[in-house]
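Shown next, in structure tokens, is the structure this report addresses.
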Amino acid sequence: MASSISTTVPTPQQAAGLTQDESTQKTQTLQVAKRLEKFKTTIFTQMSSLAIKHGAINLGQGFPNFDGPDFVKEAAIQAIRDGKNQYARGYGVPDLNSAVAERFKKDTGLVVDPEKEITVTSGCTEAIAATMLGLINPGDEVILFAPFYDSYEATLSMAGAEIKCVTLRPPDFSIPIDELKSVVSKNTRAILINTPHNPTGKMFNRDELNAIASLCIENDVLVFSDEVYEKLAFEMDHISIASLPGMYERTVTMNSLGKTFSLTGWKIGWAIAPPHLTWGIRQAHSFLTFATSTPMQFAAATAIRAPDSYYEELRRDYMAKKNILIEGLKSVGFTVFSSSGTYFVVVDHTPFGKENDVAFCEYLIKEVGVVAIPTSVFYLNPEEGKNLVRFTFCKDEETLKSAVDRMKKKLLKK
Ligand code: GLN
């Protein structure tokens, strides 16, 4: 991450609550284990604090600025009133495990045992960490597609994995299958996929998923599949790779409540995997968090059993938001890449003459009053993301329109 943005946010000492004096006396230099040394304050945290500092409209970090549905909030309040307040069963309250299994069957046709094949975690982020720590040995190779969500690299580093990376390139971010084949080796343990894909909005199509599946079966490789945006699929149907022939037994499917129910702060997620993989995930989960918030799990079960109309309405609402933002960004003069799913869209900022994504985002915050996410942090080689920035449309329509107006006023003049 280029230093220009890092210098405008709190230093690590300030973030740790130390004054300058205390930090020199007590810490000398900041101490951090080697496995985490290279990582900075997450870009989402950085950009959201800058949004507050500059009074900018935050189209950066992906959290809705509207609330989740009342029937889910009421279920949480009821669970608290009913005394569901002590530790949950480690791998999930039975009702939530069952609700996840029912939903998975409806979506994929796969029948899984809620007791043996589902682990409830503190958000998908913990499912990812537990999967890496529970199934990866130091030195194992794991393949990522860049741009990739930041926690993948950090949790793989904690697990001691070697990262191999294949880049998805604009305009369509399709999978370069030959490149993928060329990075598979006898040490490859897993391929991590994310569809619909953050940050690009790309959805992996059936041909791409079949190609990944054949490669995994031939080489005895696992798939870790992050599907948290599956219900925000606009241009095509979402396909879970676990549902392809021969794949369930080698796939960990990860998902969460946050995006689908606009409750990103609840941190309820899960991993679905056959028993021989679930064992490792549960072992890591047991010692990371042991169990997840009990009343929220009961409410999550209610949420997941929502009628189809809930999911349809969610999709419709997001389609409208997406159109406002995409049409707006086009009218401002960005090259906008098509986003088939998620609540993100990636644009090429180079028509506005800034040297890279970080410089552009800095200008956008300070001079225009809008926050976007520079994408270079999502690549092993930041140069690859320097022309691209990500906007989110998980905001109310008025906010999206105001952001577009601000950009039109300042950027159209250029
Ligand atoms: N998933 C969210 C995004 O991509 C951010 C989550 C976080 O802040 N760690 O914007």
Side-chain angles (χ1 to χ4, degrees), residues 1 5-6 9-10 15 36 39-52 56-66 68 121-130 132 144-158 168 173 192-203 224-232 254-270 288-289 318 321-322 325 337 339 341-347 357 361 364-365 370-379 385 388-395 399-400 403:
M1 190 61 233
I5 281 191
S6 309
V9 295
L36 289 172
F39 300 100
K40 309 236 162 56
T41 306
T42 83
I43 192 67
F44 308 110
T45 307
Q46 286 193 46
M47 299 315 272
S48 285
S49 25
L50 286 176
I52 293 166
I57 299 175
N58 192 353
L59 304 190
Q61 190 178 25
F63 64 91
N65 72 342
F66 42 88
T121 55
S122 295
C124 186
T125 301
E126 198 221 340
I128 293 163
M132 308 300 194
L144 297 183
F145 293 103
F148 51 76
Y149 184 56
D150 62 349
S151 90
Y152 304 158
E153 186 188 358
T155 50
L156 282 170
S157 165
M158 291 188 225
L168 308 179
F173 301 99
L192 194 159
I193 67 171
N194 169 216
T195 179
H197 181 253
N198 178 6
T200 64
K202 176 202 165 48
M203 291 182 66
F224 302 154
S225 184
D226 172 351
E227 302 181 13
V228 293
Y229 298 99
E230 63 152 343
K231 294 289 184 276
L232 305 179
M254 297 174 280
N255 210 327
S256 74
L257 199 73
K259 283 73 180 168
T260 310
F261 292 92
S262 308
L263 294 165
T264 59
W266 282 26
K267 303 299 291 175
I268 298 289
W270 53 87
L288 281 170
T289 56
Y318 267 118
K321 294 179 196 302
K322 180 183 156 184
L325 183 63
F337 298 109
S339 165
T342 74
Y343 42 50
F344 304 118
V345 57
V346 159
V347 303
D357 58 330
C361 285
L364 198 67
I365 294 170
V370 174
V371 176
I373 298 286
T375 68
S376 51
V377 288
F378 302 129
Y379 292 82
L388 305 177
V389 298
R390 185 195 85 176
F391 289 92
T392 183
F393 48 89
C394 58
K395 309 291 166 181
T399 302
L400 295 171

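Residue numbers run from 1 in the order of the sequence given. Remember, it's 1-based here, ligands and their atoms both numbered in the order they're listed.
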For ligand 1, list all ligand N or O to protein N or O distances below 3.5 Å, rounded to 0.1 Å.
residue: ligand 1; atom: 4 (O); partner: N198; partner atom: ND2; Å: 2.9
residue: ligand 1; atom: 4 (O); partner: R390; partner atom: NH1; Å: 2.9
residue: ligand 1; atom: 8 (O); partner: Q61; partner atom: NE2; Å: 2.6
residue: ligand 1; atom: 9 (N); partner: Y149; partner atom: OH; Å: 3.1
residue: ligand 1; atom: 10 (O); partner: G62; partner atom: N; Å: 2.7
residue: ligand 1; atom: 10 (O); partner: R390; partner atom: NH2; Å: 2.7

- Could you check T289 against E126 for side chain to side chain donor-acceptor pair (under 3.5 Å), going step by step and ending with a plain yes or no? CA-CA 9 Å; T289 56; E126 198 221 340; 3.0 Å; yes
- Could you tell me which residues satisfy ring-ring contact (aromatic ring centres under 6.0 Å, His included) with F66, sequence neighbours excluded, listed by chain and number? none
- Message: Do T342 and N198 pair up side chain to side chain, a donor and an acceptor below 3.5 Å, judged on atom types alone?
- Response: no
- Message: With rounding to the nearest 0.5 angstrom, report the CZ to CZ distance, F393 to F344.
- Response: 8.5 Å
- Item | Y149-F378 aromatic ring centre distance below 6.0 Å | no
- Identify which one of L388, V347, T200 satisfies the side-chain contact (heavy atoms from CB on, under 4.5 Å) criterion when paired with T375. L388
